[in-house]
2 protein chains.
Amino acid sequence: MHNRCMIDPRLITLRVFARCGTVGATAELTGYSPSAVSAQLRELQRVLGMQLLTKDGRGVRLTATGRFLVAGSDTLIAEWESLRSAAMAAGDQVQSRFGLGGFSTAAAQLLAPLAATLRSTRPLLEVQVLEANPARCFDLLVAERIDLAVIVAMQSDTYVEDDPRFEQTVLLDDPLDVIIPSNHPLASRETVTLEELASEPWITEAAGSTYHSLFTAAFTAVGVTPRIAHEAVEWETQIAFVGAGLGVGLLPRLAPLHSAENVVRLRITGKGKPARRIVAAVRRGSLASPLVQESLGILQVRAKRILAARPEDDL
Amino acid sequence: MHNRCMIDPRLITLRVFARCGTVGATAELTGYSPSAVSAQLRELQRVLGMQLLTKDGRGVRLTATGRFLVAGSDTLIAEWESLRSAAMAAGDQVQSRFGLGGFSTAAAQLLAPLAATLRSTRPLLEVQVLEANPARCFDLLVAERIDLAVIVAMQSDTYVEDDPRFEQTVLLDDPLDVIIPSNHPLASRETVTLEELASEPWITEAAGSTYHSLFTAAFTAVGVTPRIAHEAVEWETQIAFVGAGLGVGLLPRLAPLHSAENVVRLRITGKGKPARRIVAAVRRGSLASPLVQESLGILQVRAKRILAARPEDDL
DNA sequence: ATCGATCATGCACCTATTGTGCACGGTTAT
DNA sequence: ATAACCGTGCACAATAGGTGCATGATCGAT
């Protein structure tokens with residue numbers, strides 16, 4: 001289970017620490033115990049002869065040298081990933097472990113089939129799927145726990161498109177639909193605009209969550225300020241709220257609506273066509289790896305099939 | 001004493017193996033036992049999931065994948081050295097170990113003072129000097145046993161100026177003199193040309209040795225084919241041979257002639273002014289390291305002082 | 001062909017690196 | 001003041017990783 005990476009695991013630990021800021025969180029993310037993380041970082045400083053950490057309140061903080069090292073290590077990691085991938089591709093070799101990460105519907109609709117396919121085409125490959133939210137997926141990528149993540153990219157999210165640590169591939173744009181109670185005046189319509197629903201009570205996720213920013217982005221695009229009446233965490237909960245007549249909500253096309261008979265799904269028309277973008281992310285440099293290539297191919301096919309299954313859709 | 005490097009030591013071992021071709025030689029060079037090297041390479045293949053070695057007769061040989069990996073790892077190592085050096089420089093940090101390598105007179109005249117200076121300016125730095133011939137110095141650099149080498153560069157040698165693994169700095173050009181018996185007809189002269197000594201019996205090192213190629217290069221430059229009468233390994237032996245009237249020889253200016261009273265040293269004039277070029281070599285990327293910078297500075301000063309001590313010389 | 005030399009590797013054994021679990025001291029929030 | 005949190009040191013345990021020797025395989029020389 002240990003280092004499949006050529007870079008000293010302690011440096012990886014330092015990188016994870018740089019992301020989450022505390023020894024405890026680093027331990028949780030890497031799978032080590034807090035004392036192990038502490039010892040690793042101490043050893044790293046001793047071996048390199050650098051002071052990387054300083055006491056800061058009840059925690060520790062990276063020194064300037066530490067930040068410098070972490071920042072510079074990005075290209076180092078990418079270089080290694082690139083080399084490893086190229087060597088795997090050049091030698092027609094097989095790797096033994098492959099970690100996947102993803103979030104909710106993405107995981108269900110894309111990762112599960114991918115894992116199943118890989119399991120059949122490469123019987124002796126050990127595939128592991130971890131469900132985690134996008135932010136954690138990136139952490140897991142950094143921590144080398146997973147090799148590929150399928151995540152939802154926000155337009156206005158903290159993650160930047162050109163992070164030197166990752167490479168991303170767009171899989172598909174999943175449009176957001178509106179779900180309203182079946183006894184709603186607009187329930188017989190095929191399509192609506194967000195403006196028409198401006199005065200409705202909305203149901204969304206808690207502020208700060210992954211989908212809340214998607215929600216607000218959709219409305220700011222059309223210049224409407226929605227009234228948020230309720231908050232739900234799971235899609236199922238939100239659907240139940242809508243079914244109970246508490247309000248209306250946004251639901252990605254990929255999220256199934258099977259169990260709710262008193263809720264209808266309407267497509268959104270107008271200038272603001274909100275969508276969530278589903279992308280695959282890998283560590284920078286690993287794109288050339290045969291397994292990553294194959295996986296991306298499978299995901300692309302799956303995405304195309306999903307798009308094709310839609311009746312007559314906007315591109 | 002172990003990994004001061006962030007790159008997996010097993011990859012370093014693989015790189016050393018790529019240079020010397022046998023497990024035994026790799027073990028000797030890295031300081032491990034043969035079984036350890038064997039186990040390391042086996043582990044490396046298991047972890048990476050690549051077949052890097054193949055049986056070849058009674059030995060093993062790199063596969064195409066293995067060669068690819070080794071070739072690509074050059075930039076990876078350089079990248080790390082560069083990062084480490086930059087971090088050291090940025091953070092005003094000190095490293096604890098510093099390995100020097102060099103050859104014969106170079107070691108004596110340049111490395112010894114350097115080591116002494118470093119020992120005084122950085123008391124808690126552990127300086128280690130290894131005497132080794134140029135080829136082995138490069139091996140030791142690859143094996144991370146030393147960090148800086150002072151070696152003699154041949155014009156027509158196997159090492160290439162732009163090896164992606166090393167960076168080299170010219171320290172000084174050390175001209176070759178002629179040594180002849182003091183009862184020789186030309187002994188009263190100040191200078192001679194190689195043409196004048198074309199028919200003399202020459203004393204040099206065995207073919208294939210470091211200085212033999214320097215020797216032949218000097219003569220091919222003036223279009224003369226010398227008659228090699230005797231072979232000697234040490235300068236002292238050669239000088240003794242000349243003193244005994246067995247022939248004449250070439251001697252670098254830096255090699256001292258103190259103990260021989262019946263031998264005279266003559267400068268060479270004419271179009272072919274043979275010289276050996278003394279250069280400092282480090283792993284590519286480590287030039288930015290404060291210690292390397294300081295060391296190179298000290299060496300340059302020392303080289304300049306040596307040049308200045310010469311009466312009136314060719315540039 | 002035979003013998004010896006050379007080379008890689010497996011095995012038994014040992015060392016020491018490295019991880020865990022728990023307790024402790026310092027720091028912040030209530 | 002008390003409680004919660006964070007990082008670290010320590011005893012102990014696991015295991016990765018080392019050595020030394022014996023073994024098998026191959027090549028060169030007599």
Side-chain angles (χ1 to χ4, degrees), chain A residues 1-49 51-63 66 96-97 139 143-145, chain B residues 1-63 66 70 96-97 139 143-145:
Chain A
M1 226 281 225
H2 287 245
N3 31 322
R4 13 196 295 277
C5 178
M6 276 308 93
I7 311 294
D8 195 304
R10 293 168 294 189
L11 184 60
I12 307 294
T13 304
L14 182 73
R15 288 167 54 82
V16 175
F17 175 85
R19 270 189 82 83
C20 46
T22 85
V23 171
T26 308
E28 192 277 330
L29 205 56
T30 53
Y32 290 119
S33 67
S35 1
V37 171
S38 182
Q40 281 192 17
L41 296 178
R42 183 153 26 92
E43 260 303 289
L44 187 64
Q45 296 182 85
R46 197 192 61 77
V47 167
L48 293 180
Q51 187 175 353
L52 303 171
L53 302 171
T54 328
K55 281 210 176 82
D56 179 47
R58 58 181 161 184
V60 287
R61 179 175 40 87
L62 281 180
T63 65
S96 60
R97 242 186 52 85
D139 288 344
E144 318 242 342
R145 292 276 295 273
Chain B
M1 227 284 225
H2 288 247
N3 33 325
R4 12 197 296 278
C5 178
M6 276 307 95
I7 311 294
D8 194 305
R10 292 168 294 187
L11 184 60
I12 307 294
T13 303
L14 182 73
R15 287 167 54 81
V16 176
F17 175 85
R19 269 188 83 84
C20 44
T22 83
V23 171
T26 308
E28 192 277 330
L29 205 55
T30 53
Y32 290 119
S33 67
S35 3
V37 171
S38 181
Q40 281 193 17
L41 296 178
R42 183 153 26 92
E43 260 303 288
L44 186 65
Q45 295 182 87
R46 198 192 60 78
V47 167
L48 294 180
M50 304 181 188
Q51 187 177 351
L52 303 172
L53 302 171
T54 328
K55 282 212 177 78
D56 180 47
R58 58 183 160 184
V60 286
R61 180 174 39 89
L62 281 181
T63 64
V70 169
S96 60
R97 241 187 53 84
D139 288 344
E144 318 242 341
R145 294 273 296 272

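All chains are named by letter (A, B, ...) in the order of the sequence lines, taking the proteins before the strands, and each is independently numbered beginning at 1.
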Considering heavy-atom distances to DNA chain C, does A/D56 or A/S35 have its closest nucleotide positioned more toward the 5' end?
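Nearest-nucleotide comparison on DNA chain C picks A/S35.
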Toward the 5' end of DNA chain C, which comes first, A/R58 or A/A36, by nearest nucleotide?
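With A/R58 and A/A36 compared, the 5'-side residue is A/A36.
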Rounded to the Å, how far apart are [X] [atom1] and [N] [atom2]?
X: A/Q45; N: D/dG7; atom1: CD; atom2: P; value: 14 Å
X: A/R42; N: D/dC10; atom1: CZ; atom2: P; value: 9 Å
X: A/R46; N: C/dT17; atom1: CZ; atom2: P; value: 9 Å
X: A/E43; N: D/dG9; atom1: CD; atom2: P; value: 12 Å
X: A/R61; N: C/dT27; atom1: CZ; atom2: C1'; value: 15 Å
X: B/L41; N: C/dC7; atom1: CG; atom2: P; value: 16 Å
X: B/Y32; N: D/dG20; atom1: OH; atom2: C1'; value: 17 Å
X: B/K55; N: C/dC7; atom1: NZ; atom2: C1'; value: 12 Å

Can you tell me if B/S38 uses its side chain to pair, donor with acceptor, with the backbone of B/P34 under 3.5 Å?
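No.
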Using only side-chain N and O atoms of B/Q40, determine if any of them is under 4.0 Å from OP1 or OP2 of D/dG18.
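So the side chain of B/Q40 is within the cut-off, an N or O lying under 4.0 Å from OP1 or OP2 of D/dG18.
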With a 4.5 Å limit on heavy-atom distance, are the side chains of B/L62 and B/L14 in contact?
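In contact.
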Evaluate the side-chain proximity of B/R10 to B/V47: yes if any heavy-atom separation is below 4.5 Å, no if none is.
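Counting from C-beta outward, B/V47 and B/R10 do come under 4.5 Å.
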Could you say whether B/V37 or A/G24 is positioned toward the 5' end of DNA chain D, judged by the nucleotide with the nearest heavy atom to each?
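Its nearest nucleotide being more 5', the pick is A/G24.
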Using distance alone, with no hydrogens and no angle criterion, decide if B/T63 and B/Q51 have a side-chain donor and acceptor under 3.5 Å apart.
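B/Q51 and B/T63 do not have a side-chain donor-acceptor pair below 3.5 Å.
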Using a cut-off of 4.0 Å on non-hydrogen atoms, how would the nucleic acid contact of A/S33 be classed: base, sugar-phosphate, or nothing?
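Base contact.
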